Amino acid sequence: MTALPRGESPGPVADDDVADEPAAAPGTEAAAGEEATAPGAGADAATQPDPGTNADAGTEPSTDADPGTDTDSGTEPGAADGAAGLSEAEAELAAQRELRERIEKRKAEKAGPIDSGAKLSGPAADLLAAVRAVESGEKPGAAFFDSPAPAPARRSVPAPAPVRAPAPEAVPVPREAAPEAVTAVAAVLTEGGAPAALAAPAALALGERADEALRADPWRLLALPGVGPEQADGFARALLGASCGPDDERRTAALVGWLLERAALQGHTALDAERVRAALAERTVGDPDAAVQHAVAEGVVLVFQDGADDRAGEDGEEDVGQEAEAADARPVQVLLGLDRYALAEESLADGLARLANAGEKDADWSDATAAAPSPSAAELIRAAAAHALVAHTGGEAARAEPAALITAAAGLGLRALGATHSADGRRRLAEAVGDPAAAVTLAGLLSGAEGPGRDEEGALRVDLLVVLDAPQLDVETGAMLVESLADGARLVLSGDPGVLGSAGAGRVFADVLAARACPQVVSRTPDPGPIGELVSGIGIGELNQVEAPGKEVVIVPVRDAGEAVHRTVQLVADSVPRALGVPASDTQVITVGHGGPAGTRALNEALKQRLNPGPGRFAGFDPGDRVAHVPAPGRTVPGVVVSADAEGLNLDCAGSPVVVPQERVAASVRHAWALSAHQAAGMRWPAVVVVLPGDAAQGLSRRWVYTAFGRGERHLSVVHGVDQALPRAVAGAAGQDRTTRLRALLETSGS
């Protein structure tokens with residue numbers, strides 16, 4: 001493997017600029033005995049997470065890292081050596097049978113397959129309500145089997161409706177708990193030694209009688225963000241005294257749920273039961289097997305047998321003993337999952353199967369195929385003409401192919417639309433298609449703020465929907481999406497499989513590709529220029545040296561984090577604008593974590609002082625500040641502060657005015673001259689400065705490097721202080737270690 005190109009700061013610079021530093025290649029070995037520390041380990045990380053991260057620690061976790069890591073304790077589910085085998089095979093298989101019956105009850109209660117025009121609250125809420133009705137006795141379980149499910153009715157396609165102009169984004173204000181409820185909860189929290197500041201979140205999360213719920217089960221405090229087992233244990237001891245212990249069933253059930261919630265923050269929709277047992281043992285639970293069984297019995301988690309047909313045994317005639325005997329004859333992986341993700345994966349798998357089997361396509365696409373701008377675009381058009389569900393993979397240049405498909409479909413009179421992850425992606429797609437109305441953000445489309453709206457049955461008024469940036473699609477959003485598509489609609493999932501995955505749980509695009517659930521079109525259009533050549537090599541595990549005569553790629557070696565911050569500010573404010581004509585407003589800094597001496601917090605503070613100094617008159621912000629607005633977890637919207645008034649902070653987000661209420665500013669707005677790679681996914685800038693200080697080594701992975709380096713259109717500067725950690729990360733495994741069930745469900749539905 002060769003090193004990245006040696007480089008210098010672009011253009012003539014002052015005597016303290018990077019051009020005067022010798023540009024060492026990144027293959028230099030670190031000093032003997034030097035130990036790298038993961039960034040973002042600041043003391044406030046556990047209690048004050050930055051908006052837009054997919055974990056509740058201060059670091060931006062690499063999705064290639066083991067997602068089972070318990071960041072509060074340093075332990076990991078499954079970290080115990082010599083884990084026991086499946087000693088409770090029959091019990092877990094029986095629980096699996098019960099789960100299958102539950103799923104069928106939920107579906108039968110809907111009197112047939114879920115209508116594709118369901119509301120956005122959709123399948124997860126409806127199915128969960130059905131399960132709760134059976135479990136509470138409100139409805140008899142037998143009622144769900146009284147009649148066979150009718151076949152879904154075909155829906156006539158309504159006449160096209162006028163396309164609405166994108167509406168300004170509205171910031172939802174969270175509902176507030178009743179003051180008396182907050183007061184009552186605060187009293188219980190104070191009695192247990194917990195911060196009274198948790199009263200409002202607890203009242204919202206636990207309902208009107210949250211104070212009574214906490215007295216009866218203090219470990220329900222774990223449901224609140226930022227609360228760990230140690231804090232919940234201390235709270236429980238203060239309220240319950242000697243009557244509670246490490247094997248209290250309330251504690252063990254809460255711990256199981258907490259472990260699954262933590263795993264979801266790392267992208268998992270399920271975890272291996274053995275990993276959960278090992279993590280419980282690390283938390284001083286004496287009988288992890290009994291704890292898991294109790295959590296399953298209480299409905300805290302669901303149990304699945306990985307690789308098994310979830311619909312096997314639905315007629316109830318198989319003998320459990322025979323199933324157990326078969327399980328002993330082959331390796332069995334038992335998974336535990338939260339019902340919200342289990343329901344979303346079930347709904348998504350069924351919805352994709354419904355779309356794929358919706359019927360034959362009768363439009364004549366031959367002329368559109370012949371007029372395609374490239375062979376790969378022609379191949380994509382042919383696939384979409386013949387199939388209702390298609391997967392398309394490729395880099396940045398390959399985005400022209402979905403644009404050509406949208407243009408071709410519109411030329412045939414079809415209602416064609418492209419949805420992207422970000423407003424920047426929407427802009428780029430609109431430019432490629434030549435029609436602003438043909439591009440929306442996925443969030444805006446599903447919320448109704450963008451796009452053509454819905455028909456009388458609730459289905460999106462589209463005949464062809466192309467979802468770009470598909471790796472950013474999490475399982476819950478994916479389920480809402482397919483439920484919003486009418487029978488007969490075409491869906492194309494397009495994206496670069498090498499980039500970082502979604503902030504939410506799941507790996508929808510990767511699972512669809514791995515399951516071969518639909519035809520796949522692989523683009524043969526390479527990304528151009530030195531940056532494209534460099535990123536393409538990283539995608540296959542090679543950190544190649546590239547020629548960059550126009551200073552497209554520059555390496556700036558640094559010795560420590562302080563120098564990294566100094567060089568970064570110098571590049572953004574002076575060198576890149578002077579040498580390349582790219583203003584600081586068009587240059588984005590990307591780093592590994594939020595905390596640490598060269599994380600986003602430190603870099604943003606230094607960049608603000610240089611680029612837009614001010615007193616921070618409104619919650620630390622001034623007009624002209626570059627910010628990241630996080631209207632929902634995992635969704636980052638770049639913007640600029642315009643002003644502040646009694647209503648809140650006024651932002652300009654890609655041309656759309658956004659008002660963030662005062663009480664939401666601290667939680668949902670942060671400075672954004674510097675972002676993490678997860679936040680930057682799906683967006684591009686004319687120039688990008690990637691900062692890799694020495695303590696970033698442990699946060700690097702091939703996907704992280706691929707994503708960060710690929711955000712620059714014209715220029716990439718790498719502030720490099722990780723030595724051999726960079727080529728090692730690029731050469732490492734490319735797979736995202738996320739445990740999901742969607743692939744198995746898709747393979748089952750296609751068999």
Side-chain angles (χ1 to χ4, degrees), residues 4-5 7-13 17-18 395-400 403 420-432 439 468-469 496 499 526-536 538 546-556 567-591 600 603-604 607 610-612 624-628 636-640 652-655 671-677 679-691 705-719:
L4 278 170
E8 58 186 30
S9 178
V13 291
D17 210 340
V18 292
E396 288 295 329
R399 295 170 74 97
T420 66
H421 176 63
S422 65
D424 173 69
R426 176 186 63 196
R427 175 189 59 79
R428 288 184 284 131
L429 177 60
E431 291 175 353
L468 284 81
D469 308 313
D496 188 341
V499 302
D527 288 336
I531 297 178
E533 181 183 350
L534 174 64
V535 173
S536 296
I538 292 170
V546 297
E547 296 295 330
K551 300 183 186 284
E552 294 88 349
V553 180
V554 171
I555 306 302
V556 182
R567 297 301 191 196
T568 299
V569 173
Q570 208 167 49
L571 284 164
V572 174
D574 296 328
S575 302
V576 172
R578 180 168 53 250
L580 302 175
V582 178
S585 59
D586 288 340
T587 301
Q588 182 62 52
V589 176
I590 299 175
T591 191
T600 60
L603 286 166
N604 277 316
L607 287 162
R610 177 65 184 274
L611 298 174
N612 194 45
D625 280 358
R626 283 176 64 174
V627 295
T636 300
V637 181
V640 177
D652 179 357
C653 296
H671 287 111
W673 285 280
L675 296 173
S676 69
Q679 293 173 316
M683 294 181 275
R684 298 194 88 198
W685 292 267
V688 162
V689 178
V690 177
V691 184
V705 177
Y706 184 92
T707 302
F709 284 22
R711 298 311 93 201
E713 294 175 336
R714 295 171 49 194
H715 175 76
L716 167 67
S717 280
V718 181
V719 179

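Quick note: residue numbers are just sequence positions, from 1. It should be emphasised that the depicted structure is a prediction, and the values quoted were computed from it without experimental measurement.
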Minimal heavy-atom distance between Ala439 and Ala430, with the atoms involved, is CB-N, 3.8 Å

Mind checking whether Thr568 and Thr591 have side chains closer than 4.5 Å, heavy atoms only? no

Rounded to the nearest 0.5 Å, what separates atom CG in Leu611 from atom CG in Asp625? 10.0 Å

Do Asp527 and Arg399 meet the salt-bridge criterion of a basic N to acidic O distance under 4.0 Å? no

Please report the shortest heavy-atom distance between Pro530 and Ala548, naming the atom on each side. CG-CA, 4.2 Å

Glu552 versus Glu533: any side-chain heavy-atom pair under 4.5 Å? no

Please identify each residue that fulfils salt bridge (charged side-chain N to carboxylate O under 4.0 Å, His left out) with Arg427, with sequence neighbours left out. Asp424, Glu431

Looking only at non-hydrogen atoms, find the nearest pair between Met683 and Pro638 and report the distance. SD-CG, 3.4 Å

Please name the pair of heavy atoms, one in Gly550 and one in Leu580, separated by the smallest distance, quoted to 0.1 Å. O-CD2, 3.9 Å

For Leu429 and Thr420, work out which heavy atoms get closest and say how close. CD2-CG2, 3.9 Å

Paired with Val719, the side chain to side chain contact (heavy atoms under 4.5 Å, CB included) test is passed by just one of Val690, Val689, Val589, namely Val689

Smallest separation among heavy atoms of Ala432 and Ala403, with atom names: CB-CB, 3.7 Å

Taking C-beta and beyond as the side chain, do Val572 and Trp673 meet within less than 4.5 Å on heavy atoms? no

Nearest 0.5 Å, what's the CZ-CG distance between Arg578 and Leu571? 10.5 Å

Inter-residue atom distance Ser717.OG - Gln570.CD, 0.5 Å rounding: 11.0 Å

When you measure from the side chain of His715 to the backbone of Lys551, do you find a donor-acceptor pair of N or O atoms at a distance under 3.5 Å? yes

Taking the side chain from Ser422 and the backbone from Gly682, do they hold a donor-acceptor pair closer than 3.5 Å? yes

Going by the rule side chain to side chain donor-acceptor pair (under 3.5 Å), which residues pair with Gln588 if we only count those two or more places apart in sequence or in a different chain? Arg626

Does the Asn604 side chain pair with the main chain of His671, one donor and one acceptor, at a distance under 3.5 Å? yes

Do side-chain atoms of Arg711 reach the backbone of Trp685 as a donor and acceptor pair under 3.5 angstrom? no

Note, Val553 side chain near Ile531 side chain (heavy atom, < 4.5 Å): yes

Okay, side chain of Arg684, backbone of Arg428: is any donor-acceptor separation there less than 3.5 Å? no

For Asp496, salt bridge (charged side-chain N to carboxylate O under 4.0 Å, His left out) partners two or more places apart: none

